[in-house]
Amino acid sequence: MTAVPLFTPIKLRDLTLRNRVGVSPMCQYSSKDGFATDWHLVHLGSRAAGGAGLIIMEMTDVAPDGRITEGCNGIWDDAHVEPLKRITAFVKEQGAAIGIQIAHAGRKASMSRPWEGGKRLLPGEGGWTVSAPSPIPFLPEHAPPHELSKDEVLRVKDAFVAGAKRAVKAGFQVIELHGAHGYLLHEFLSPLSNKRNDEYGGSEENRFRLLLSIAREIRADVPKDIVLGTRLSCTDWAEGGLTIADTTRLSAQLKKEGVDFIDCSSGFVTADAKVPFGPGFQVPFAKEIRDKAGIATAAVGMITEARQANDIVAKGEADMVFIARAMLRDAYWPIHAAIELGAEPDIPPQYLRGYEANKFAQPRKKAV
Ligand SMILES: Cc1cc2nc3c(=O)[nH]c(=O)nc-3n(C[C@H](O)[C@H](O)[C@H](O)COP(=O)(O)O)c2cc1C
């Protein structure tokens, strides 16, 4: 059998992923007081059984006011670790590696769940005060966020570091910092949302300071084998916002701080962005950062087909491909893609009977 690039293993530090297909982080709005539930076990567990190489658990917030909704997952309390352990153990048993995206929603916090309208929750409706680098609301109808003081910025940094240490205790192998989509860390990076005039705003060096210092402290505080990634909005798609040239420079600095891969997304810091959505529209960012910053990248966004995903890896445009909505439609996307591409699918032994007619059906390989 000739090697199929999407299904060749990749090594990140000491962690070997069985293939290059990742489940992109996706909020489930199904946590209670930040605690993961059986929903997460089933949702992430199914996708591990479905053959993904890496699963990144949803945006998981390092402070209660950093949640988008009250259903968001949390890691601000030691007590959050226990239910996560069950999930990480099950995912690993299925041969997938397990990661977690740690985050703070910044000025985009205090909303109702998407299926409850996705609207701003006012304090009287169970909402809370939102914080940001500068008192500029995302949309004019939102209340201006509280401008974080320097002490509060340092507390946010400490909360990320504490969250990362809890993630290690919970059994996660990969920690991804959420530096994208207009949430707090991206709000510091982008000149559109950061109008501060202290050492966390103004120049590029100042705007990048918070994310870089969080990466540095986490790298120093977690075991060497923990893989550290960062999701970036590689461009803001808006006049005066971040460009791919900016985020390429940032990626090179993150690499120096010990970050192992960049997950290349884009946009969502301003409602005025003009985004050319289309199949694989963010892939060029993964290639540019991979080529120019010399760091491993994941491509994400409107990648739905097996051949499309395989070509991205085959052409050296990215090291991994992360898939979100197509994985919601089909938890077995990786097994189905492997069969379509003529690679050996990693089918759970319990399900082999469903594939008996398939010449590639093999007993599964040893867990990672
Ligand atoms: C239900 C849902 C929840 C999401 N939650 C997150 C999240 O927690 N963190 C994040 O960085 N992106 C999140 N995203 C964005 C996805 O990770 C992904 O970047 C985006 O959907 C584009 O990929 P796709 O075209 O394969 O869906 C979410 C997307 C969906 C559909």
Side-chain angles (χ1 to χ4, degrees), residues 6 20-31 34 36 39-40 43-44 46-47 50 52 54-62 66-75 98-106 108-109 111-116 118 160 163 167 172 174-187 189 211 229-235 237 247 261-269 273 275-286 297-306 308-309 312 318 320-331 333-334 337:
L6 190 62
R20 314 296 182 105
V21 183
V23 178
S24 198
M26 280 183 280
C27 289
Q28 298 296 297
Y29 313 104
S30 301
S31 304
W39 176 262
H40 298 94
H43 165 66
L44 301 170
S46 312
R47 278 144 193 86
L54 171 64
I55 295 181
I56 304 203
M57 190 180 194
E58 69 197 73
M59 166 164 178
T60 295
D61 302 300
V62 299
R67 288 177 293 172
I68 307 171
T69 73
E70 60 170 18
C72 287
N73 205 41
I75 195 142
I98 182 74
I100 187 169
Q101 186 186 55
I102 59 171
H104 188 299
K108 288 186 160 183
M111 308 290 283
S112 61
R113 292 173 174 83
W115 56 81
E116 291 164 345
F160 269 92
F172 289 96
V174 175
I175 295 171
E176 181 179 273
L177 303 175
H178 198 344
H181 300 173
Y183 297 116
L184 190 73
L185 297 180
H186 184 189
E187 288 162 18
L189 297 173
L211 174 60
T230 304
R231 174 165 274 197
L232 293 178
S233 280
C234 297
T235 172
W237 298 116
T247 52
F261 71 90
I262 305 294
D263 175 2
C264 299
S265 189
S266 71
F268 300 111
V269 80
V275 187
F277 290 109
F281 73 109
Q282 295 172 149
V283 174
F285 303 134
T297 59
V300 66
M302 299 184 75
I303 301 165
T304 54
E305 305 302 323
Q308 178 195 15
I312 291 167
M320 295 172 282
V321 172
F322 287 178
I323 294 175
R325 285 164 294 178
M327 284 280 186
L328 296 183
R329 295 191 286 276
D330 179 9
W333 193 98

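All ligand and atom numbering here is 1-based and tracks the order in the structure.
In terms of polar-atom proximity, defined here as any N/O pair under 3.5 Å, Gln101 does make such a contact with ligand 1. Looking at ligand 1, you'll find an N or O of Met302 within less than 3.5 Å of one of its N or O atoms. Between Cys27 and ligand 1, an N or O atom pair is found at a separation short of 3.5 Å.
Heavy atoms of Ala326 stay at 4.0 angstrom or farther from ligand 1.
Scanning all protein heavy atoms for the shortest distance to atom 29 (C) of ligand 1 gives Met26 CG, 3.8 Å. Protein heavy atom closest to atom 22 (C) of ligand 1, with residue, atom name and distance, is Gly301 CA, 3.8 Å.
Across Gly182 and Glu187, no two heavy atoms sit closer than the pair O-OE2, 2.5 Å. The nearest pair of heavy atoms linking Glu70 to Arg67 is O-NH1, 3.4 Å.
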>> side-chain hydrogen bond (donor to acceptor under 3.5 Å, both in side chains), that's the test. Do His181 and Ser265 meet it? Break it down for me.
In response: CA-CA 8 Å; His181 300 173; Ser265 189; 2.6 Å; yes

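Heavy-atom proximity to Val300, at under 4.0 Å, picks out these atoms of ligand 1: 19 (O), 23 (O). Proximity to Ser24 (heavy-atom distance under 4.0 Å) selects the following atoms of ligand 1: 16 (C), 17 (O), 18 (C), 19 (O). Atoms of ligand 1 found under 4.0 Å from any heavy atom of His181, numbered from 1 in the order shown, are 10 (C), 11 (O), 12 (N).
Of all the listed residues (His178, Gln28, Arg325), Arg325 holds the heavy atom that lies closest to atom 24 (P) of ligand 1. Across Arg231, Met59, Glu176, Gln282, heavy-atom proximity to atom 12 (N) of ligand 1 is greatest for Arg231. With distances taken over non-hydrogen atoms, the option nearest atom 14 (N) of ligand 1 out of Ala324, Ala105, Pro25 is Pro25.
In this structure, Thr69 contributes its side chain and Gly71 its backbone to a donor-acceptor pair below 3.5 Å. The closest donor-acceptor contact from the side chain of Gln282 to the backbone of Val300 lies under 3.5 Å.
In this structure, a donor-acceptor pair under 3.5 Å is absent between the side chains of Thr304 and Arg329.
Using a 4.5 Å heavy-atom threshold, the side chains of Thr230 and Asp263 count as separate.
Close placement of the Trp237 and Phe285 rings is indicated, their centers lying within 6.0 Å of each other.
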